[in-house]
S.K.: 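Just passing along the structure, written as C-alpha cells.
We're numbering straight along the sequence, starting at 1. Worth saying up front: this structure is predicted, and the values here are computed from it rather than measured.
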Amino acid sequence: MTQSNRIAAGGRVDRSQVLEFTFNGQRYQGFKGDTLASALLANGVNIVNRSFKYSRARGIVAAGSEEPNAVVQLGARDDTQVPNVRATQQGLYSGLVARSTNGWPNVQRDVMSWVGRLGGGFMPPGFYYKTFMAPASMWMTYEKYIRMGAGLGRAPTESDPDIYDHMHHHCDVMVIGAGPAGLAAALSAARAGARVILCDEQEEMGGSLLDSRETLDGVSAVRWVEQALSELAGMETVTLLPRTTANGYHDHNFVTLHERRTEHLADTAREAGFPGESRARLHRVRAAQVVLASGTHERPLVYANNDLPGNMLAGAISTYIRRYAVVPGQSLVLSTSNDHAYRAALDWKEAGRKVVAIVDARANPDGDLVRQARDSGIRVITGSAVIEARGNQRVTGARISAIDLERFVVIGKVEELECDTIASSGGYSPVIHLSSHTGTRPVWNEELLGFVPGKVKGMHAAGGVAGHYALSETLTDGARAGRQAALESGFNNAPDIVLPATRARRDAPACALYQVPHEKSALRAPKQFVDLQNDVTAAGIEVATREGFESIEHVKRYTALGFGTDQGKLGNINGMAIAARCLDRSIPEVGTTVFRPNYTPVTFGAIVGRHCGELFDPERYTALHQWHIENGAEFEDVGQWKRPWYFPRTVNGKKETMHEAVNRECLAVREGVGILDASTLGKIDIQGPDAREFLGRVYTNKWAQLAPGRVRYGLMCKDDGMLMDDGTTSCLGDNHFLMTTTTGGAAGVLEWLELWHQTEWPELQVYFNSVTDHWATMTVTGPDARKLLSELTDLDLDRENFKFMDWRDATVAEVPARIFRISFTGELAFEINVQANYAMHVWKKLFEHGEKYNLTPYGTETMHVLRAEKGLIIVGQDTDGSVTPEDLGMQWAIGYDKPFPWIGKRALSRPDTRRKDRKQFVGLKPKDPSVVLEEGAQIVFDGKQSIPMDMKGHVTSSYYSASLKHGFALAVVMGGHERMGQTVYIPMTDGTMHEAEIVSPVFIDPKGERQHV
C-alpha cells in the first residue's frame, strides 16, 4: 500500500525509518514519529470504526485525546490486548497490530449498519427503558443480546506479560500541559528555583506550537519549543514527562498522572528491547501549587450527516498537514464561525490540494487570516454554513446555505459543493475537566463562548484554558501563572521572564454557532450528531427536553451525552447549547455536567502497578514484624494486619504442630512469663471539653468520674442495642482519652464516632484521631511479669502503688513509654506502649533480661485460649450482631441511670431484648475431656430427636486447655444463664454427637483457680 495522502516534504516524521503495521488485517506503512491515526490517514483509510449505537461508518475527526471515533483494539496476541486506545494518542511502531472495536463481519460491511439506516425513530433516547420493560421475565434474554452489541473492545483473556509501576512525588509547582502557556509557566517557576514537574499527553511537548504558523523571536515556533525544552531538561529541579496524561485532580493539589512508557515502542517492553522497563507508570503527585495549562478543544459544528468519514475538525487538519505531512483528502470545504479555523484552508492550499470554499457563518469577517485566504484566491462565502454532508462511506459533497442565527432557520438557496473533506470549527472550549474534578463549578464566559475553570485553592489556570487564545497573551499568562505559583510556594525571588517577541495578528470576533439549522426540523432532518462517541443527536436532546428532562444532568443520563471515555470533550458545549435553546434558557442557566476521573482511559495494569496477580488489599505490618519472621512465626490475617499466629519450635529436628506450640505458649504464660505483640489494637485519641460526655453517650457504662491515670473497660452498642465493639479507654487528662478497639474494628469504630458526632451531636466539642500506627504495644503477662519489667523501668510496679486498671508514664529500656496494668489473660499483665520507631529496641531488651525467666513469645491463637479460659469475649467471634451486653452477663457494664440518652439504651428496654429465652453467653464443658467441640456447631437440648433438630444455640469458641487438661468451649444458649449444670448435645460434622455441661464461662478465676475441673 502506498501512502497516498502523504506529501513529499515537511512534517516532523522521520522518513528514513519506515514502519510496517496492520489494521483490520491489512498491512500498511508509516514513518517514525507518526501516530496510528496519522499513518491511517496517510494510507487513505476512511473508515476506522462503526458507531456505538447506530453502527454508522466513522472516520478520524481529531488529532488528540478528544478523538471520539478512532477508538481501537491493540495487540498482536491474546496476552497483549489493550482495548479503548485512541489512534490519535498511539505512537506508531513496527509490528503494531490494531483493529476496529465495532463492525461485524468487518468494519466496511457491518451487518448492524441497517440499524442506522432505519432512522432515529428505531432507537430514540431511553430506547432500552421504553422497549424492554415487559415482560420482566424476558430481561435476561434481552440483556444477553444487548451486551453483545454494546461496549468498545474486549478485555484480554490471558495474563499481561508486562510490568507496571507507581511513583510518588512532591513538587513545588505541577504544570499540566506543555503548550505555549505550560512551557512559559515551567520556565518561570523553574528559574525561580522551584521544583517543577511538567507533563503533557502528546508524544512530543510543545502543544499547538508544533503545527503553528507563528514565529517567536524571529525563529519558528518549533525551534523555540526545542530551546525551551533544552533549558528545562538541563535543570536538576525539573522533571519532564511527555506521553503523560493528568487523569485526575483531587483535593489538596493531589494529581494522578498516567505515563505511557513503552507503549509507543512495541507490543511489550521486552519486544521493545527494554525487558526490565514498565509499560506504563502511575505517578501520584502532591504539589504545593498547580498550573493548569490544558489548553482548549476545538468544537465541531453540528450539521446533518456530520459523522460521515471525511468530516474533521479544522485544527486537526492543520495538525496532520504540518506535523505529520498528511493531507487527509483532495478537496476541502471549511465551515467556520471564527478566524482561527482559516489556518486549515491555508495549510491545505499550501500542501497543493484544492480548497473548494470557506463557508463563514459571520456576515462580515475581516481578520488577517480572512484577508490571507482571500488574497490566495480561496472563495469565502459569508453568512452561511454547511447544513448537510453528502456521501455514503465518505463525504462526497457539502450542502451549504445562508442561515439566520437569530431565528435559527435556513434562508436563501441551498448550494451543493463537491468535496471529499469537510472541516468545521464552532470555536474553542477550554479543557476544564481537571479543575472540575475538584468539585468546583466552571464559569461561563460570554466573550469566549465557553466555560473557564472556577477558582481552586492552589491552582492557577493559564493560557487557552483561562480564555487567552492569542499566542502573545498565552505566553504572557503562562509566565505570570508560573511566577505566581513559585511565589506562593515560597520562592520570593522569582525573576520576571523575558518573553519571545511574537507577530501581532488581528482576529475578527467569533459568532455563537453550536447547531446549524436545516431545511427540516431536527427531528426530520438527517442525523445531526452532537456526541459522536455515544451517538447522541440534536434530535435526541430535543426529545429529552420535550419529555420533561430539564436538568442537564438528567439530559446527560437520558441521552448518554458526555458518557464513557469521551467525557464530553467535543460535544458537551454544543449539547448544552441545544438543550438551552429547546428550554428557552441561556447556557449558563443550563450549566455543565459533572466531569469525572479518568480524563482518558487508564489500564488496570497501571492502576494496580507491581501488584499484578495479587489480591488488591493492603497488608499492614507492626514495627516488630521482622523479628517475628526471624523467629519462625506463622502468621494469620486479622483485618489487614499480619499478626503472629503461633511460634513453632524445632526440637530434635521436628517442628512443633500448632497444637503443641500453643500448649507450650499457654503454660509459659500461666507458669512464668510470656510476651505478645499487641500493636494492632485500634487506638483512637479523643480530646475536647465534651470528651467525657461523648464517651458516656457511645459506651453503655459511665465515664464522668474516671480520673486521669485510670483505665476502664467499655462496651459499645449499635442503636439496635447489639454489641459492636469493646475495649479499654484510658484517661490521659481531664479532657483527653485513649480508646482501644478490636484490631479488625478500628476503622469502623472511628467512622462510627465521626458519624454520631457530625450528624447527631455536632454541638459537642470533641475531636478524634487514629494513632494505631503511632504506638507499638507489648503485653508482658504471667506470674513473673512484674519481676521482668522492674529490671527495665524506673516505675514502682508494687501492686498497691500501681493497681489493676491503672496506667502510668514511665521509661522502659530508657525509652519514654506508657505502661498499662490491664490483662486479657487473667494473669498479672502489663501493656507497654512506646513510639513505634523504638519498639524493636524495647522488645529486644525485654528478651535480653527475660532469658532467665524463660520469656516466651506467644501469638494470637494462644491469646484466644488464654482469654477464653478467663471467660473474656472477642467481638465478632463470640458475638454476631444479635447479642446484647445482658446476653453476655455484663449487666455491670450498663449505666441505665446515666442522666442522658446513650446509643442502644432505648433498644435494650424493648420486650424482645428483655426476653428470658434469648441466647445467652455460657461455658461448655465436654463430658469427654479429650473432645474439642467444633466452633459453629449447633446445640440441642434433646440428642435423640430426629432431623431436623431444634437448635437452641451454637458454639462460639472452642479450644483444648493445657492448663485444665480438658477441652472447653464458649457458647450462646437460649436461656443459658438459668441452665447452669444442664447437659446439652452438640452434633458434629463427622456425624458424632457429644454431651457437654453448661457452666460459667470463667474456667480460670482471677486467683488462678481452675474451675469446673
S.K.: Where is the tightest heavy-atom contact between L210 and M205, given as atom of each residue plus distance?
M.R.: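 Here L210 and M205 meet closest at CD2-O, 3.7 Å.
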S.K.: Can you name the one residue among N572, N534, T592, T593 that meets side chain to side chain contact (heavy atoms under 4.5 Å, CB included) with K556?
M.R.: T593
S.K.: Going by atom types only, do H433 and Q567 share a side-chain donor-acceptor pair under 3.5 Å?
M.R.: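 Side chains of H433 and Q567: no pair found under 3.5 Å.
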S.K.: Check whether NZ of the Lys or CZ of the Arg R299 lies under 6.0 Å from the centre of the six-membered ring of Y514 and within 45 degrees of that ring's axis.
M.R.: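 So R299 doesn't make the cation-pi contact.
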S.K.: What is the minimum heavy-atom distance between P601 and T565, and which atoms define it?
M.R.: CG-CG2, 3.6 Å
S.K.: Can you check whether I378 reaches Y342 side chain to side chain, under 4.5 Å on heavy atoms?
M.R.: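 A side-chain contact under 4.5 Å is absent here.
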S.K.: Taking all atoms of both residues into account, what is the closest heavy-atom pair of V173 and A189, and its distance?
M.R.: CG2-CB, 4.0 Å
S.K.: Please determine whether a side-chain nitrogen of the Lys or Arg among E214 and R343 lies less than 4.0 Å from a carboxylate oxygen of the Asp or Glu.
M.R.: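 Judged by the 4.0 Å cut-off on N to carboxylate O distance, E214 and R343 do not form a salt bridge.
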S.K.: Do Y54 and D307 have a side chain donor and acceptor closer than 3.5 Å?
M.R.: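 The answer is no; no qualifying pair exists.
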S.K.: Using a 4.5 Å cut-off on heavy atoms from C-beta on, say whether the side chain of I387 contacts that of Y303.
M.R.: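 Side chain of Y303 against side chain of I387, heavy atoms only: no contact under 4.5 Å found.
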S.K.: Looking at side-chain heavy atoms only, is the closest gap between T559 and F549 below 4.5 Å?
M.R.: no
S.K.: Judged by modelled atom types alone, do R596 and S436 share a side-chain donor-acceptor pair under 3.5 Å?
M.R.: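 Per modelled atom types, R596 and S436 side chains form no pair under 3.5 Å.
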S.K.: Between Y249 and N253, do the side chains contain an N or O donor and an N or O acceptor separated by less than 3.5 Å?
M.R.: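 The answer is yes; a qualifying pair exists.
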S.K.: Side chains of N102 and S51: donor-acceptor distance under 3.5 Å anywhere?
M.R.: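 N102 vs S51: no donor-acceptor pair found between side chains.
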S.K.: Could you check if a side-chain atom of N69 sits within less than 4.5 angstrom of a side-chain atom of Q533, using non-hydrogen atoms only?
M.R.: no
S.K.: First locate atom CD of Q89, then atom CD of E66, and finally report the distance between them rounded to the nearest 0.5 Å.
M.R.: 8.5 Å
S.K.: If you measure only the distance, is there a donor-acceptor pair under 3.5 Å linking the side chains of Q528 and H518?
M.R.: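 Their side chains do not contain a donor-acceptor pair, so the 3.5 Å distance test is not met.
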S.K.: Specify the closest pair of heavy atoms between A246 and V255, including all atoms of both residues, with the distance to one decimal.
M.R.: CB-CG1, 4.2 Å
S.K.: Regarding R58 and D535, does a basic nitrogen lie under 4.0 Å from an acidic carboxylate oxygen?
M.R.: yes
S.K.: Parallel, tilted or perpendicular: which one describes the rings of W444 and F451, with boundaries at 30° and 60°?
M.R.: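 Perpendicular, since the angle between the ring planes exceeds 60°.
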S.K.: Between R480 and D477, does any NZ, NE, NH1 or NH2 come within less than 4.0 Å of an OD or OE carboxylate oxygen?
M.R.: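 Salt bridge present between D477 and R480.
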S.K.: Salt bridge or not for R12 and E204, using N-O below 4.0 Å?
M.R.: yes
S.K.: What are the two closest non-hydrogen atoms of G248 and H437, and how far apart are they?
M.R.: CA-ND1, 3.6 Å
S.K.: Do Q73 and T101 have side-chain atoms, one donor and one acceptor, less than 3.5 Å apart?
M.R.: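 There is no such pair between these side chains.
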S.K.: For residues R56 and N305, determine if any side-chain heavy atom of one lies less than 4.5 Å from a side-chain heavy atom of the other.
M.R.: yes
S.K.: Side chains of N247 and T256: any donor to acceptor distance under 3.5 Å?
M.R.: no
S.K.: Establish, from distance only, whether the side-chain atoms of N49 and S100 form a donor-acceptor pair under 3.5 Å.
M.R.: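 Distance-only check fails for N49 and S100.
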S.K.: Quick check: do L216 and L475 have side-chain heavy atoms less than 4.5 Å from each other?
M.R.: yes
S.K.: Using a strict cut-off of less than 4.0 Å between a Lys/Arg side-chain nitrogen and an Asp/Glu carboxylate oxygen, indicate whether R362 and D339 qualify as a salt bridge.
M.R.: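 Answer for the salt bridge query: yes.
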S.K.: So Y599 and H297, would you call those rings parallel, tilted or perpendicular, with 30° and 60° as cut-offs?
M.R.: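 It falls in the parallel class, under 30°.
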S.K.: Just checking, is any N or O donor in the side chain of Q202 or R323 under 3.5 Å from an acceptor N or O on the other one?
M.R.: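 Judged by distance alone, the side chains do pair up.
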S.K.: Decide whether E259 and H283 meet the rule of one side-chain donor and one side-chain acceptor closer than 3.5 Å.
M.R.: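 Side-chain D/A pair, E259 to H283: present.
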S.K.: Do the side chains of R281 and R260 get nearer than 4.5 Å, heavy atoms only?
M.R.: no
S.K.: Using a 4.5 Å cut-off on heavy atoms from C-beta on, say whether the side chain of V536 contacts that of F529.
M.R.: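 Counting from C-beta outward, F529 and V536 never come under 4.5 Å.
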S.K.: Does a donor on one side chain and an acceptor on the other come within less than 3.5 Å for R50 and S55?
M.R.: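 There is no such pair between these side chains.
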S.K.: Answer with yes or no whether the side chains of R505 and H340 bring together a donor and an acceptor at under 3.5 Å.
M.R.: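 Distance-only check passes for H340 and R505.
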S.K.: Indicate whether the side chain of T476 and that of E473 have a donor and an acceptor atom separated by less than 3.5 Å.
M.R.: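 Distance-only check fails for T476 and E473.
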S.K.: Minimum heavy-atom separation for A485 and V291, please, with both atom names.
M.R.: CB-CG2, 3.9 Å
S.K.: Is it the case that the side chains of E298 and S425 hold a donor-acceptor pair, with the cut-off being a distance below 3.5 Å and no angle test?
M.R.: yes
